[in-house]
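Here the structure is laid out as structure tokens; the discussion comes afterwards.
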Amino acid sequence: LHPRVRRQRQMCIRDRYRKITIIDANVFEIRRGYMFQDMSKDFDIKRIKRSNTSCSTGVGAHVHPFNEIFYLSSGECTSFIDHNIYKFGKGDLVIVPSGCLHRTTYNGKGMHERIVISFRNDATEWIQNQTGKELMENCMKPGVVNIPEKRRDYVVALLDKLLFENDSPDELSPAFIKVGLIELLLFIIRCKNYEENVIKEIDVDNRIIQEVATYIYEHYADNLSLEYVADKFNLSRSYLSKKFKTATGFGFKEYIINVRIQNACNLLLETNKSITDIAFECGFNDSNYFGDAFRKAKGISPHKYRKNETF
């Protein structure tokens, strides 16, 4: 082929790929095996239905700079949130704060329906001023809340109101949305503080992988290798590698790097430590490798991230 024709074809392929990565008007970028997702507004809510034709499908691992709450109306799911694995079903509400790495898999065949709310941190300020910072922080801790059966109709009605105001807006809709979101968050606070047995426990079927993920999450700065961790938990390297990928959606090394990068982001924004010191503190033995890994994960250099305070 003529070089110019070849370049044109390559551009067409690249353009098609870019179109594929735009979903529901939200921007997804593939960064080191997971998606970075953002939205163009401060609030969104949508009802999502999917019919599985295979035993297990789902959304790839991703992070976003906004909070997400979703209510499962039907079906069963497994979620890897931060470093915990959860199984949940109808009537469960999942909380994913901004910056939290997560992945959801829809288990079994049949219809799965969920209502997903996305919102910026600004929406929580009024509640924080009224109830205090501690209650709001507890409300937005990552995890799964089982809504008491007698209260599910109330939650569904509240979500339906938010859907209506979002899909058929008028000049009063922003106010109704703000009030509705505040009411939902206050309800979650009340559930967590005054209801019994509403906090979902981790998935016991994947307890060993849960322990491995937690160990990595707490010891990310150490010199972690597949061989070392496998020996520590009395597992073969091949079993740990395969099982970790199946349960979490991450490769073993991929997850370690992601945890290190997320902690590096916090240090870049919250301290005046040098980039080299942050690299070593987060478990990278080479500052140049840290810079390359950071650019692959975030799309910009550590220096620009700190300067722009970009998520």
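Hydrogens, waters and symmetry mates are skipped; everything else that's a heavy atom, side chains included, is used.
Between Phe250 and Tyr255, the angle of the ring planes lies from 30° to 60°, which puts this pair in the tilted group.
The side chain to side chain contact (heavy atoms under 4.5 Å, CB included) check on Arg190 picks up Tyr194, with sequence neighbours excluded. Looking at residues two or more places apart in sequence or on another chain, you find no side chain to side chain contact (heavy atoms under 4.5 Å, CB included) involving Lys161. The ring pair (Phe, Tyr, Trp, His ring centres under 6.0 Å) test applied to Phe233 returns Tyr215, not counting sequence neighbours.
Aromatic rings from Phe187 and Tyr154 are positioned such that their centres are separated by under 6.0 Å. In this structure, Phe290 has its ring center closer than 6.0 angstrom to the ring center of Phe294. You'll find the ring centres of His64 and His102 inside the 6.0 Å limit.
For the salt bridge (charged side-chain N to carboxylate O under 4.0 Å, His left out) condition, the pairs that include at least one residue of residues 134-157, sequence neighbours left out, are Lys133-Glu137. Residue pairs satisfying the ring-ring contact (aromatic ring centres under 6.0 Å, His included) criterion with at least one member in residues 122-148, sequence neighbours excluded, are absent.
Applying side-chain contact (heavy atoms from CB on, under 4.5 Å) to Val94 and the options Val116, Leu72, Thr104, Ile81 leaves one that passes, Ile81.
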Begin with the C-alpha distance, continue with both residues' side-chain angles, and end with the deciding distance and a verdict on side chain to side chain contact (heavy atoms under 4.5 Å, CB included) for Cys265 and Tyr305. CA-CA 8 Å; Cys265 287; Tyr305 181 93; 3.4 Å; yes
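Summarising the local packing, CZ of Phe176 is surrounded by 12 or fewer heavy atoms from other residues, nucleotides or ligands at distances under 6.0 Å. Other residues, nucleotides and ligands contribute only 12 or fewer heavy atoms inside 6.0 Å of the CG atom of Asn272. In this structure, Lys192 places its NZ atom where more than 12 heavy-atom neighbours from other residues, nucleotides or ligands lie under 6.0 Å away.
Applying the 4.5 Å side-chain rule to ILVMFWY residues, one finds that Phe164 remains a lone member of its cluster.
A donor atom on one side chain and an acceptor atom on the other are found under 3.5 Å apart for Ser274 and Asp277.
Side-chain N or O atoms of Asn258 include one that pairs as donor or acceptor with a backbone N or O of Glu254 at under 3.5 Å.
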